[in-house]
Asker: 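Would you mind keeping the following structure in view while I ask a few things?
Note that these values count all heavy atoms, side chains included, but never hydrogens, waters or copies made by symmetry. Naming: A, B, ... by sequence-line order, numbering from 1 per chain.
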2 protein chains.
Amino acid sequence: MPTWLAPVGCWTCRWTRGRWVNVPRVTHQPPDQGPGQAPTLDEVARLAGVSRATASRAINGGNRVSQSAQTAVAEAVRTLGYSPNPAARSLVTRRTDSVALVVPEPDERVFSDPFFVHTLRAVNRVLAARDLQLVLLLARPEDESRMLRYLGERHIDGAIVVSHHQNDRLAEHLAALGLPCAFVGRPWTGEDRVAYVDTDNEAGSRAATELLISRGRRVIGHVAGPDDMTAAADRRAGWRSAVTTAGLRDDLVACGDFTEIGGEEATRALLAQCEEIDGLVVASDLMAVGVVRVLEAAGRRVPDDVAVVGYDDLGVAERITPPLTTIRQPIGDMAEQAARMLLDQIDERRAPRAVRVVFPPTVVERAST
Amino acid sequence: MPTWLAPVGCWTCRWTRGRWVNVPRVTHQPPDQGPGQAPTLDEVARLAGVSRATASRAINGGNRVSQSAQTAVAEAVRTLGYSPNPAARSLVTRRTDSVALVVPEPDERVFSDPFFVHTLRAVNRVLAARDLQLVLLLARPEDESRMLRYLGERHIDGAIVVSHHQNDRLAEHLAALGLPCAFVGRPWTGEDRVAYVDTDNEAGSRAATELLISRGRRVIGHVAGPDDMTAAADRRAGWRSAVTTAGLRDDLVACGDFTEIGGEEATRALLAQCEEIDGLVVASDLMAVGVVRVLEAAGRRVPDDVAVVGYDDLGVAERITPPLTTIRQPIGDMAEQAARMLLDQIDERRAPRAVRVVFPPTVVERAST
DNA sequence: TTGAAAGCGCTACCAC
DNA sequence: GTGGTAGCGCTTTCAA
């Protein structure tokens with residue numbers, strides 16, 4: 001704690017008119033009603049003049065409850081300001097009505113990449129419709145075990161996993177737990193034990209490369225994503241397959257980390273390796289931003305000297321100069337699909353089924369090729 | 001669902017070598033152990049040859065438990081793969097060991113603004129140390145009631161609220177619920193009923209403006225944040241106070257929404273209103289990025305023709321060209337402090353106390369002034 | 001140091 | 001339709 005910070009609850013240090021002044025803390029202590037003993041179902045029932053069982057039924061959908069009882073309970077609920085205790089409820093229903101979105105990434109990246117935002121929104125949309133609460137589980141490598149413990153304790157009814165890496169054995173762990181789950185992006189291992197959605201990254205990247213080839217480019221490099229993600233590996237494979245088939249160089253690869261900075265560094269490396277590069281297939285639009293920046297700093301015009309294709313098409317691609325040709329993956333649809341697959345498992349109350357759904361990528365041509 | 005998408009669980013549609021092929025779904029159904037009846041404390045106790053009470057004590061810190069019982073229980077826990085049922089536990093302890101981070105914002109903004117990332121990380125750091133789980137509650141205006149319900153049901157032990165707006169009466173609601181909470185940023189109303197941390201936004205903005213004045217700028221505009229946030233209002237007040245004191249124009253204000261686009265639009269408006277502007281005080285660095293972009297597009301050099309000061313200093317400011325002079329607020333410290341204030345309340349198990357802590361802003365000079 | 005037993009607040013079964 | 005009642009899995013007295 002900075003030394004100038006007064007002890008909480010006594011003084012406030014305020015910077016006013018160029019100097020520090022101490023201001024006595026303003027405390028307005030409300031009539032200390034404590035943590036306000038919440039009303040229980042019992043009290044509701046009593047007030048409504050019915051039994052606990054009837055009150056419970058009335059509150060949960062009102063099956064086999066008379067109109068009069070229904071309204072009496074509703075009235076009692078309102079006057080008491082009652083809301084059911086979720087712990088008690090899930091103790092008996094064995095459902096928590098919440099679902100985790102597991103993101104095994106250091107949090108910086110999560111928030112800089114539009115990929116996550118889109119996923120999150122789509123998932124949230126599906127869940128909200130079912131009145132399920134989404135719990136975001138950001139697990140940096142160091143507290144992976146904490147996360148696994150949380151999942152194992154069944155705080156949640158199921159999990160959606162995105163951006164999963166090679167060394168987190170999440171798919172196996174979740175399968176072993178028998179916890180309903182769905183992956184966005186093919187897992188490295190255990191892919192036959194869990195449900196997942198993916199796009200055909202290899203085909204997308206191959207299409208990107210073939211586009212450059214058809215435009216007459218002959219020295220085509222690849223800015224790849226992190227080695228430990230399947231999407232990155234597949235995209236690299238797609239590029240390689242296309243350049244090999246065309247009889248072009250297949251050694252011009254540099255790895256980035258799906259960030260702008262990563263794209264910059266990879267491009268510098270590639271340029272140092274080979275000056276004749278006239279095309280670049282980049283594994284994400286965010287990296288492509290860095291790629292273009294470095295190319296222009298190096299005096300190469302895009303697309304005249306070097307044509308660039310990105311991947312994702314989540315908004316950045318069309319905002320930069322020049323607007324980026326890219327491969328679109330339907331993230332929203334994918335995430336929605338994953339959410340629905342999860343709900344299916346939860347509803348059937350059984351171990352995950354290894355369903356997989358693969359979405360098609362689309363080439364989106366703009367000005368960078 | 002797109003028409004090309006095969007029914008889940010039957011076929012997978014895969015784009016291979018330029019055309020669509022249907023691939024039969026690969027299903028590996030693990031021996032259906034159902035949702036794997038989790039072991040209970042009872043079974044642990046039986047296996048360890050002790051009573052449930054002793055097992056419970058052994059698991060929760062091991063007070064008043066013999067060494068032998070302790071190890072026997074530990075052993076049983078391990079072989080059974082036991083983990084306590086959180087619902088049952090919190091039913092009796094009346095604690096859920098999780099805390100909400102409430103963000104009443106449409107989710108796009110949350111993820112594009114580094115402010116949130118920094119807050120999130122700081123809060124997470126404090127909570128993880130205490131083994132509390134953070135639940136991110138993103139509440140767009142339309143499902144605010146859903147969020148309030150969630151809070152009212154006591155799924156969580158307390159809440160940290162950031163980026164709170166004028167019309168969500170969160171402070172009152174939380175105070176009324178008697179739910180422990182801490183705000184990051186002064187709430188509009190109910191500020192005498194809840195604990196909060198803030199920076200002295202008015203002083204910071206005044207300092208920014210005075211810096212421009214001391215550099216000889218005489219026509220100083222302000223790109224303000226959304227009207228319904230206290231930080232924006234305070235920063236606007238700081239600018240106004242400084243320009244008025246100096247006898248300068250105080251009508252050159254345009255509102256943005258704390259995004260780059262918002263900054264662009266506001267700048268265009270200001271430029272249209274007055275061509276002689278030679279200084280701009282901008283309420284956030286993110287907006288300042290847009291401001292600089294529009295200024296340069298309009299042929300004004302920064303800082304030669306127009307000097308610009310931002311606000312936040314969370315990384316963007318130093319990365320753009322020219323590096324931005326800005327006002328730094330210690331977000332990390334603020335969020336940490338808020339988290340600690342919340343933990344204090346939770347530990348004392350009583351209604352929130354209206355403690356407030358105000359942090360100082362700092363002028364950081366770079367190349368834009 | 002231990003264990004029996006009393007709940008925590010709720011749902012769901014079953015007999016009425 | 002309704003209400004009594006048996007738990008859900010755990011912690012926490014309290015008496016031994």
Asker: Please list, chain by chain and in numerical order, all residues satisfying side chain to side chain contact (heavy atoms under 4.5 Å, CB included) with A:N85, sequence neighbours excluded.
Answerer: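 Applying side chain to side chain contact (heavy atoms under 4.5 Å, CB included) to A:N85 gives A:A87, A:A88, B:L91.
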Asker: Please tabulate, for side-chain N and O atoms in residues 44-55 of chain A, each donor-acceptor pair with protein atoms closer than 3.5 Å (sequence neighbours left out).
Answerer:
residue, atom, partner, partner atom, Å
A:S51, OG, A:A53, N, 3.4
A:S51, OG, A:T54, N, 3.2
A:S51, OG, A:T54, OG1, 3.2

Asker: For the helix from C:dT1-D:dA16 to C:dC16-D:dG1, what angle lies between the axis at the first five pairs and the axis at the last five pairs, to 10 degrees?
Answerer: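 One end axis against the other gives 30°.
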Asker: Quick test of your reading: applying ring-ring contact (aromatic ring centres under 6.0 Å, His included), list the pairs with at least one residue in residues 46-82 of chain B, sequence neighbours left out, ordered by first then second residue.
Answerer: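 Applying ring-ring contact (aromatic ring centres under 6.0 Å, His included) to every pair that reaches into residues 46-82 of chain B, excluding sequence neighbours, yields nothing.
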Asker: For a 4.0 angstrom threshold against heavy atoms of chain B, report the outermost contacting nucleotides of DNA chain C in 5' to 3' order.
Answerer: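 Contact boundaries, 5' end first: C:dT1 to C:dG9.
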Asker: Side-chain contact, heavy-atom cut-off 4.5 Å: B:E172 with B:T189?
Answerer: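 In contact.
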Asker: Between atom CG in B:N60 and atom C1' in D:dT13, what is the gap in whole Å?
Answerer: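 Spelled out: CG on B:N60 to C1' on D:dT13 is 15 Å.
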Asker: Within the 4.5 Å heavy-atom criterion, are A:L134 and B:L136 side-chain neighbours or not?
Answerer: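 A side-chain contact is absent here, since even the closest heavy-atom pair is not under 4.5 Å.
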Asker: Can you run down the side-chain hydrogen bond (donor to acceptor under 3.5 Å, both in side chains) pairs that involve residues 156-168 of chain B, sequence neighbours left out, and say none if there aren't any?
Answerer: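 Sorted result for residues 156-168 of chain B: B:T96-B:D157, B:E105-B:S163, B:E105-B:H165, B:H164-B:D168, B:H165-B:D228.
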Asker: Which atoms of nucleotides 4-8 of chain D (N or O only) lie under 3.5 Å from a protein N or O atom, and what are those distances?
Answerer:
residue, atom, partner, partner atom, Å
D:dA6, N6, A:R52, NH2, 3.3
D:dC8, O3', A:R94, NH2, 2.9

Asker: Under the rule for side chain to side chain donor-acceptor pair (under 3.5 Å), what residues qualify as partners of A:T79, not counting sequence neighbours?
Answerer: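 Partners of A:T79 by the side chain to side chain donor-acceptor pair (under 3.5 Å) criterion come out as none, since no residue qualifies.
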Asker: Judged by each residue's nearest nucleotide on DNA chain D, which is more toward the 5′ side, B:P86 or A:V50?
Answerer: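 Whichever sits nearer the 5' end wins; that is A:V50.
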Asker: Any side-chain heavy-atom pair from A:L138 and A:V102 closer than 4.5 angstrom?
Answerer: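 No, too far: nothing below the 4.5 Å cut-off.
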Asker: For residues 178-191 of chain B, which residue pairs qualify under salt bridge (Lys or Arg N to Asp or Glu O under 4.0 Å), counting only residues two or more places apart or in two chains?
Answerer: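 Residue pairs passing salt bridge (Lys or Arg N to Asp or Glu O under 4.0 Å), neighbours aside: B:R186-B:D234, B:E191-B:R356.
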Asker: How many Å lie between CZ on B:R95 and P on D:dC10, as a whole number?
Answerer: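 Taking atom P of D:dC10 as the reference, CZ of B:R95 is at 18 Å.
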Asker: Which atom pair, heavy atoms only, marks the closest approach of B:Q345 to B:A195?
Answerer: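 Scanning both residues completely, I find the closest heavy atoms to be NE2-CB, 3.6 Å.
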Asker: Are the charged groups of A:R340 and A:D347 less than 4.0 angstrom apart, N to O?
Answerer: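 Salt bridge: no.
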Asker: Tell me which donor-acceptor pairs under 3.5 Å the side chains of residues 116-124 of chain B have, and how far apart each pair is, sequence neighbours excluded?
Answerer:
residue, atom, partner, partner atom, Å
B:T119, OG1, B:F115, O, 2.8

Asker: Using a cut-off of strictly less than 4.0 Å between a heavy atom of the residue and any atom of DNA chain C, enumerate the qualifying residues of residues 61-71 of chain B by number.
Answerer: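 Result for residues 61-71 of chain B: B:R64, B:V65, B:S66, B:A69, sorted by number.
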Asker: Strictly by salt bridge (Lys or Arg N to Asp or Glu O under 4.0 Å), give each pair with a member in residues 64-75 of chain A just once, sequence neighbours left out.
Answerer: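 Pairs touching residues 64-75 of chain A that pass the test: A:E75-A:R78.
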